[in-house]
Amino acid sequence: MHSTGSNLAEVPPKPAVGLPLWLLAELTYRCPLQCPYCSNPLDFAAQGKELTTEEWFSVLRQGREMGAAQLGFSGGEPLVRQDLAELIGEARRLGYYTNLITSGIGLTEQKIRAFKDAGLDHIQISFQASDAQVNDMLAGSKKAFDQKLEMARMVKAHGYPMVLNFVTHRHNIDNIDRIIELCVALEADFVELATCQFYGWAQLNRVGLLPTREQLERAERITNEYRARLAAEGNPVKLIFVTPDYYEERPKACMKGWGSMFLTVTPDGTALPCHGARQLPVAFPNVRDHSLHHIWYDSFGFNRFRGYEWMPEPCRSCDEKEKDFGGCRCQAFMLTGDASNTDPVCGKSPRHDVILKAREEARTATAGIGQLTFRNARNSHLITKKG
Ligand code: FES
């Protein structure tokens, strides 16, 4: 709430700051796959050294003291960190609800058992497609699909709920029925059918990945039909369908507002209010230099887009600003060159034309999967995040 007291009239209103309830630990940028929609940088050498186990322990401890309750271990591929079970154990001791977000590549029954013993609550495995050929092509690995299937079954066999994430795009979304059938056959409990979001490599490949409106509408209709049918059959699987905001007229409330509840710590300790913020021309603090308390409450980066004072028109006077917070800062930066602009997804944005153009490009695009730019060493010069 902004004060209206007359003696405070000259003091700029300070936004109320919530707790960092959701902590995302991006343990590493290393990954054996080369997905063309990955949001992470490839030039590992340009990033700082990865945090040590002790440094992560300190981050986890500080986060918990500040009220963080949910902890995600992600990457890159978090399984490449040899200390993952140790980190899980520490997180459990501190009282976090822990979630491992993985491609399943590098997972073994032995590791699943070790993570369970360490107290891991939840494992989410991501798939690229419903059949081996497309999946492995997108992942850039010949054995990825079989390994994922085996690990998904194993995760369930060890008493975890089976949580699957399928990234959909114009090359696999027409097979949504096969994807759902596969999930049913695997006895999945939760399935996220998420159209890829356009950050990092996905933005580079946007023309080759963005589905058409017709593709999306068909996929959503089929998902709704399956949802109704499976529920009638008593199947408890939850199907969650996530559309790209490129087909919306109002922007998403990205991160539920900048610096409101979400805190990411990247492999080299840079702290970010969202996974995409590293590309912004904003100075972000590092956990090696500052306490998490300072970072969350006092750092420039975390305060840069908090509240409403930073907003330009049309957001500033919009009666929906408390609902969508002006949309996504990273998307505004990528699409307009200025992170403080209204997210162009919004129909009221003066730059909404870039979204209309992207839709039209998707409608007329003809490129095949083979023309996507994959996240691999050959293409590393095409995309970086500032270190
Ligand atoms: Fe950074 Fe949306 S991803 S604000």
Side-chain angles (χ1 to χ4, degrees), residues 15 17-18 20-26 29 35 37-41 70 72 74-76 101 165 167 192 194-206 209-210 242-267 270-285 295-296 299-312 315-316 318 320-346 349 351-352 354-355 358 383-387:
V17 178
L21 295 173
W22 226 112
L23 179 61
L24 184 68
E26 284 188 340
Y29 285 139
C35 304
Y37 43 75
C38 180
S39 65
N40 280 326
Q70 295 265 355
S74 80
I101 301 154
N165 171 276
V167 179
E192 196 175 59
T195 320
C196 69
Q197 302 286 324
F198 295 96
Y199 301 95
W201 292 84
Q203 175 66 2
L204 193 69
N205 282 308
R206 193 184 70 204
L209 290 171
L210 183 64
V242 184
T243 54
D245 51 2
Y246 274 60
Y247 289 99
E248 305 288 344
E249 288 304 313
R250 285 289 174 272
K252 62 187 175 220
C254 200
M255 302 293 125
K256 297 201 183 341
W258 183 270
S260 75
M261 61 180 291
F262 190 83
L263 198 168
T264 294
V265 178
T266 65
T270 304
L272 303 172
C274 69
H275 53 276
R278 200 161 192 160
Q279 67 189 308
L280 304 181
V282 173
F284 289 105
I295 287 170
W296 182 255
S299 71
F300 173 77
F302 276 74
N303 281 301
R304 177 66 183 88
F305 299 111
R306 262 193 183 127
Y308 309 102
E309 290 304 304
W310 60 271
M311 287 181 172
C315 297
R316 186 175 275 259
C318 180
E320 293 180 56
K321 70 180 176 195
E322 292 177 33
K323 201 163 87 190
D324 60 36
F325 311 104
C328 175
R329 296 305 86 226
C330 299
Q331 195 148 267
F333 177 70
M334 285 185 296
L335 298 180
T336 74
D338 183 347
S340 59
N341 280 339
T342 300
D343 185 340
V345 161
C346 184
S349 160
R351 295 305 319 278
H352 190 55
V354 297
I355 298 293
I383 186 166
T384 60
K385 287 183 183 178
K386 64 192 172 76

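What's counted below: heavy atoms across the whole structure, side chains too, no hydrogens, waters or symmetry copies. Along the sequence shown, the residues carry numbers beginning at 1. When a ligand or atom number is given, it counts from 1 through the structure's own listing order.
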Could you grab the angle centred on atom 1 (Fe) of ligand 1, going from SG in C330 to SG in C274, to 10°? 100°
Show me which atoms of ligand 1 lie under 4.0 Å from any heavy atom of C254. 2 (Fe), 3 (S), 4 (S)
Can you give me the closest heavy-atom contact between V167 and C196, atom names plus distance? CG1-CB, 3.4 Å
Tell me which protein heavy atom sits closest to atom 4 (S) of ligand 1, plus the residue, atom name and distance to 0.1 Å. R329 N, 3.4 Å
For the residue pair M261 and W296, what are the closest heavy atoms and their distance? N-CH2, 3.6 Å
When you compare the side chain of F198 with that of D245, does any pair of heavy atoms fall below 4.5 Å? no
Heavy-atom side-chain contact between S340 and F305 under 4.5 Å: yes
Against heavy atoms of C328, which atoms of ligand 1 measure under 4.0 Å? 2 (Fe), 3 (S), 4 (S)
